Enquirer: 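Below you'll find the structure I mean.
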Amino acid sequence: MGRNWSRGTYLSVPLWLAFVATAIGAVFLREGVVCLVMALPFWIGFGYVGLWPVYLYRRQQRHVDPAIFRAHAMLLLPFLALLVDQQFVPPRETRTVVREIVVDAPAAVAWPRLLVIPAISPDEGRWNISQDLLRLPRPVAAHLSGRGPGAVRDARWQDDIRFQEIVTEWRSQERLQWQFAFPDPSIHERTDRHIQPHGRHLWIDAGGYDLIPLTGGRTKIRLWTRYHLSTPFNAYAGWWGERILGDIQDNVLAVVAERIAKDANQSIVR
């Protein structure tokens with residue numbers, strides 16, 4: 001009988017159910033890996049909340065305490081929470097993710113490599129959790145049309161993902177800033193259909209490069225991305241945003257730094 005199970009067996013049930021739900025979502029429902037990974041802690045946590053009254057009930061021998069049945073009313077809490085959630089507007093937060101790298105080259109050498117990034121080979125960049133374990137797409141290339149404010153950087157990523165960066169500030173060898181534009185649904189169709197870059201809960205707003213001169217002819221390159229969140233769990237979503245966007249930025253900066261180093265070495269040889 002179930003009431004004779006060990007406590008460890010009871011504790012393992014929510015874990016197994018959560019991972020089974022994850023597998024079903026990935027294989028049959030075609031859910032994106034980002035949503036599945038973000039939802040997994042909630043599934044496990046609420047699984048243990050539901051396990052508690054069941055465990056108490058099954059451990060009873062002959063007498064069943066009426067309090068056990070009152071505890072079962074807790075199972076209705078998720079449904080009540082859904083109703084309450086519809087009555088509130090989630091808070092809005094603005095967050096900025098920043099990553100930096102130092103290159104052994106002056107800004108004059110680094111600047112052109114930030115404007116245009118030709119075809120990126122698979123062996124370029126840096127290993128990271130988001131793109132190597134979670135299998136998020138990597139950048140393929142970035143092309144520039146025009147010069148100065150109003151110019152457009154067309155970004156291409158794996159899986160035929162496309163988006164644009166509309167330049168809003170152009171200070172040669174100092175700063176490049178842009179607004180993000182998503183002319184087609186390629187991002188959320190090929191990464192996660194629940195995450196839209198210009199949607200109700202997430203709005204990826206702006207980004208840019210800052211070039212900071214250092215001693216010895218070196219340059220610090222700062223890459224930043226600003227986005228807006230509007231969810232009931234902004235702190236949790238922001239934690240993921242810091243890591244996923246940070247991984248993407250670290251990879252881009254690694255590609256840029258490798259190419260700048262090659263340019264600098266070639267100029268020395270000449």
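The model shown is predicted, which means the values in this text are computed figures rather than measured ones.
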Enquirer: Taking all heavy atoms of Trp178 and all of Leu223, pick out the closest pair and write down the distance.
Expert: CH2-CD1, 4.2 Å
Enquirer: Using the rule that Ile, Leu, Val, Met, Phe, Trp and Tyr join whenever any side-chain heavy atoms are under 4.5 Å apart, tell me whether Val109 and Tyr209 fall into a single cluster.
Expert: yes
Enquirer: How long is the gap from CG on Leu115 to CH2 on Trp170, to the nearest 0.5 Å?
Expert: 4.5 Å
Enquirer: Has the side chain of Asp247 got a donor or acceptor atom that lies under 3.5 Å from a matching backbone atom of Asn128?
Expert: no
Enquirer: Kindly work out whether a path of hydrophobic side-chain contacts (I/L/V/M/F/W/Y, heavy atoms less than 4.5 Å apart) joins Leu114 to Val116.
Expert: yes
Enquirer: Before accepting this row, confirm whether a basic side-chain N of the pair Arg171/Asp210 lies closer than 4.0 Å to the acidic partner's carboxylate O.
Expert: no
Enquirer: Under a 3.5 Å distance rule, please check whether Gln179 uses its side chain to pair with a backbone N or O of Ile166 as donor and acceptor.
Expert: no
Enquirer: Is there a side-chain contact between Thr225 and Phe180, using heavy atoms and a 4.5 Å cut-off?
Expert: yes
Enquirer: Has the side chain of Arg99 got a donor or acceptor atom that lies under 3.5 Å from a matching backbone atom of Val252?
Expert: no
Enquirer: So if you build clusters from Ile, Leu, Val, Met, Phe, Trp, Tyr with side-chain heavy-atom gaps below 4.5 Å, do Leu253 and Trp224 land together?
Expert: no
Enquirer: Can Leu202 be reached from Ile161 by stepping across I, L, V, M, F, W or Y side chains whose heavy atoms are under 4.5 Å apart?
Expert: yes
Enquirer: Are side-chain N/O atoms of Ser121 and Asp123 paired as donor and acceptor at under 3.5 Å?
Expert: yes
Enquirer: How long is the gap from CZ on Arg222 to CD on Gln249, to the nearest 0.5 Å?
Expert: 11.5 Å
Enquirer: Can you check side-chain contact (heavy atoms from CB on, under 4.5 Å) on Trp111 and Ile260, steps first, answer last?
Expert: CA-CA 9 Å; Trp111 178 256; Ile260 292 173; over 6 Å; no
Enquirer: List for me each residue that meets side-chain hydrogen bond (donor to acceptor under 3.5 Å, both in side chains) alongside Arg162, sequence neighbours excluded, and say none if there are none.
Expert: Asp160, Asp184
Enquirer: CG/Leu176 to CG/Leu144 distance, rounded to the nearest 0.5 angstrom?
Expert: 8.0 Å
Enquirer: List for me each residue that meets ring-ring contact (aromatic ring centres under 6.0 Å, His included) alongside His198, sequence neighbours excluded, and say none if there are none.
Expert: Phe182, Trp203
Enquirer: Verify the cluster assignment for Leu245 and Val98: are they in a single hydrophobic cluster under the rule of side-chain heavy atoms below 4.5 Å apart?
Expert: no
Enquirer: For the backbone of Ile221 and the side chain of Glu100, can you confirm whether one donor and one acceptor N or O come within less than 3.5 Å of each other?
Expert: no
Enquirer: Among residues at least two apart in sequence or on other chains, which ones pass side-chain hydrogen bond (donor to acceptor under 3.5 Å, both in side chains) with Arg147?
Expert: none
Enquirer: Minimum heavy-atom separation for Asn234 and Pro91, please, with both atom names.
Expert: ND2-O, 2.9 Å
Enquirer: Is any side-chain heavy atom of Ile129 less than 4.5 Å from a side-chain heavy atom of Arg243?
Expert: no
Enquirer: Working to the nearest 0.5 Å, report the span between CZ of Arg175 and CD1 of Ile212.
Expert: 9.5 Å
Enquirer: Decide, yes or no, whether a salt bridge links Glu242 with Arg95 under the criterion of side-chain N to carboxylate O below 4.0 Å.
Expert: no
Enquirer: Minimum heavy-atom separation for Ile120 to Ala141, with atom names?
Expert: CD1-N, 4.4 Å
Enquirer: Classify the ring geometry between Trp239 and Tyr236 as parallel (under 30°), tilted (30 to 60°) or perpendicular (over 60°).
Expert: parallel
Enquirer: To check you understand the geometry: which heavy-atom pair defines the closest contact between Val97 and Gly241, and what is its length?
Expert: CG2-O, 3.9 Å
Enquirer: Kindly indicate whether the side chain of Pro149, heavy atoms from C-beta on, has any atom under 4.5 Å from the side chain of Gln177.
Expert: no
Enquirer: State, to 0.1 Å, how close Thr219 and Leu214 come at their nearest heavy-atom pair, and which atoms those are.
Expert: C-CD1, 4.2 Å
Enquirer: Give, for atom CD1 of Ile204 and atom CZ of Arg226, the distance between the pair rounded to the nearest 0.5 Å.
Expert: 12.5 Å
Enquirer: Heavy-atom distance under 4.5 Å between the side chains of Gln173 and Pro106, does that happen here?
Expert: no
Enquirer: Salt bridge (charged side-chain N to carboxylate O under 4.0 Å, His left out) between Asp132 and Arg126: does it pass, once the steps are laid out?
Expert: CA-CA 9 Å; Asp132 290 283; Arg126 178 179 297 177; over 6 Å; no
Enquirer: At what distance, to the nearest 0.5 angstrom, does OG1 of Thr94 lie from NE2 of His228?
Expert: 4.5 Å
Enquirer: Could you tell me whether the side chain of Ile117 reaches within less than 4.5 Å of the side chain of Pro139, counting heavy atoms only?
Expert: no
Enquirer: With the side chain counted from C-beta on, respond yes when Asp159 and Arg135 share a heavy-atom pair under 4.5 Å apart, and no when they do not.
Expert: no
Enquirer: Have Ser230 and His201 got a donor and an acceptor in their side chains that come within less than 3.5 Å?
Expert: no
Enquirer: Quick one: closest heavy-atom pair of Ala142 and Arg153, and the distance?
Expert: CB-NH2, 3.9 Å
